[in-house]
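Numbering of ligands and ligand atoms starts at 1, following listing order. Only a predicted model underlies this, so the values are computations on that prediction, with no experimental measurement involved.
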Amino acid sequence: MNEVQLELNSGVTYPVIVGNGVLDRLPSLLPAISNRAAIVTQKKIGVNIQTGIEQKIFEIDDGEEAKSLTTIEQLCSAFAQWGLTRADVVVGVGGGVVTDVAGFAAATYHRGVAVVHVATTLLAQIDAAVGGKTGVNLPEGKNLVGAFWQPSGVICDLDTLETLPEQELRSGLGELAKYHFLTGDLLSEMEMKDRIVRAVEIKAEIVNQDEKEQGKRALLNYGHTLGHAIESVGNYGIKHGEAVAIGLIYAAELAHTLGRIDNDRVLEHRRVIESYDLPTVVPSVIDDQDLLSAMTRDKKALDGYTFILDGPEGLEIVRGVEEISIKETLEKVR
Ligand code: GLY
């Protein structure tokens, strides 16, 4: 078992526990005052949760469509009908959709109730459940409404990955590929458990310094500007990590177009993505103009088109990228 400690500048601390069979550590992560636990999950998750206190299960629908304000309203109404109070705890059990929704409901219900996450997918374990980003989608784009709301702890039980559908695993690998370029760690050469622990450590180091994404945390969105656009324009028919994989290739090609990196570095991106057997081209049904519109609605876009791009000093935020370069580079992922 490994325990990675989040130690935020704000003084908030909490553990992320990674290992086989660590689900039984859940009761130890609940705040001491918790009287009851509202377990937010999906029918398909099938993980037996024992909090050790009175508990009730609240199921949400599957898929990105469930990441909506309608789900939040329904969930909070169900919490109110059960009489959930600030002396209780919300437990999100599932992948990124569940932890984003459970976290946002916990952040806003009664202006804030404690939350603990039990991450059951690779993507949630290495990214979504860690770091306190919560939120839902709007028809205009992904994750456009949300809050920073840190959990009291996160459980990453590797046993839950054994029954993970292939496409969910691939989606997690897309997010994992991103970490290669944040630090240069050769994650693909590690055992899965070590990869997960290292990814959580990398994320924790960044979030500890910049919880509210005033700077460095934006680097965790490498590959996401195009990735999120592909997801929303494609009506979430392509999984998040697969869209991020294409977004990573695109970001490398864009950095090359702008003279920031050489072709070898682009090929290195392609090698990592291909080693995980992830897609490298935008699905043909997705139109360039729709992608361009979606990219201007990205949360990082304070000043025209904004990307996280590789360069001589490593990854950095690059604002005001010219549309002509963006359009020209889209050809490289077609
Ligand atoms: N998923 C990116 C972040 O947590 O900042």
Side-chain angles (χ1 to χ4, degrees), residues 4-10 12 14 16 18 64 67 92 94-104 106-107 115 117 119 121-137 141-151 153-154 156 168 171-183 187 195-232 236 239-248 251 295 298-302 306-309 314-317:
V4 179
Q5 200 67 19
L6 271 280
E7 290 173 352
L8 308 179
N9 275 340
S10 60
V12 169
Y14 61 92
V16 179
V18 185
E64 282 287 329
K67 258 180 71 169
V97 168
V98 170
T99 60
D100 280 8
V101 165
F104 188 47
V115 66
H117 294 307
T121 64
L122 178 59
L123 192 137
Q125 294 186 354
I126 62 169
D127 189 39
V130 178
K133 272 192 185 173
T134 72
V136 295
N137 306 327
K142 192 169 157 98
N143 296 341
L144 293 187
V145 180
F148 290 99
W149 190 245
Q150 298 296 337
V154 181
C156 302
E168 288 292 345
S171 184
L173 292 174
E175 231 10 287
L176 197 66
K178 168 188 88 179
Y179 287 99
H180 285 248
F181 306 104
L182 283 165
T183 58
L187 294 161
R195 286 180 192 173
I196 294 171
V197 172
R198 185 62 194 132
V200 173
E201 283 171 354
I202 295 170
K203 180 155 188 183
E205 279 159 26
I206 293 174
V207 174
N208 286 347
Q209 294 168 48
D210 180 23
E211 177 188 0
K212 301 272 171 77
E213 202 168 301
Q214 300 299 301
K216 197 169 181 193
R217 184 166 182 168
L219 304 185
L220 288 167
N221 295 322
Y222 191 36
H224 284 58
T225 308
L226 183 68
H228 279 169
I230 293 172
E231 282 186 271
S232 65
Y236 302 99
K239 288 270 175 198
H240 175 68
E242 294 182 311
V244 168
I246 303 163
L248 289 169
M295 284 193 280
D298 188 88
K299 291 187 292 310
K300 296 182 293 306
L302 307 179
T306 302
F307 291 85
I308 309 300
L309 294 180
L315 300 185
E316 55 191 1
I317 303 182

Exercise. So, does Glu7 use its side chain to make a donor-acceptor pair with the main chain of Val12 at under 3.5 Å?
Worked result: no
Exercise. Checking Lys178 side chain against Leu248 main chain: does a donor-acceptor pair fall under 3.5 Å?
Worked result: no
Seminar exercise, completed: Taken in chain and number order and not counting sequence neighbours, the residues that satisfy side chain to side chain contact (heavy atoms under 4.5 Å, CB included) with Lys212 are Phe148, Gln214
Exercise. Got a donor-acceptor contact below 3.5 angstrom from the Asn137 side chain to the Asn143 backbone?
Worked result: yes
Exercise. Counting N and O atoms only, with roles assigned by atom type, does the side chain of Lys203 sit under 3.5 Å from a partner on the main chain of Asp127, one being a donor and the other an acceptor?
Worked result: yes
Identify the protein atoms, limited to N or O, that lie within less than 3.5 Å of an N or O atom of ligand 1, and list each pair with its distance to 0.1 Å.
| from | atom 1 | to | atom 2 | distance (Å) |
| --- | --- | --- | --- | --- |
| ligand 1 | 1 (N) | Asp127 | OD1 | 3.0 |
| ligand 1 | 1 (N) | Asp127 | OD2 | 3.1 |
| ligand 1 | 4 (O) | Lys203 | NZ | 2.6 |
| ligand 1 | 4 (O) | Arg217 | NH2 | 2.8 |
| ligand 1 | 5 (O) | Lys133 | NZ | 2.9 |
| ligand 1 | 5 (O) | Arg217 | NE | 2.7 |
| ligand 1 | 5 (O) | Arg217 | NH2 | 3.3 |

Problem set entry | Aromatic ring pairing Tyr222/Phe181, orientation class (parallel under 30°, perpendicular over 60°, tilted between) | perpendicular
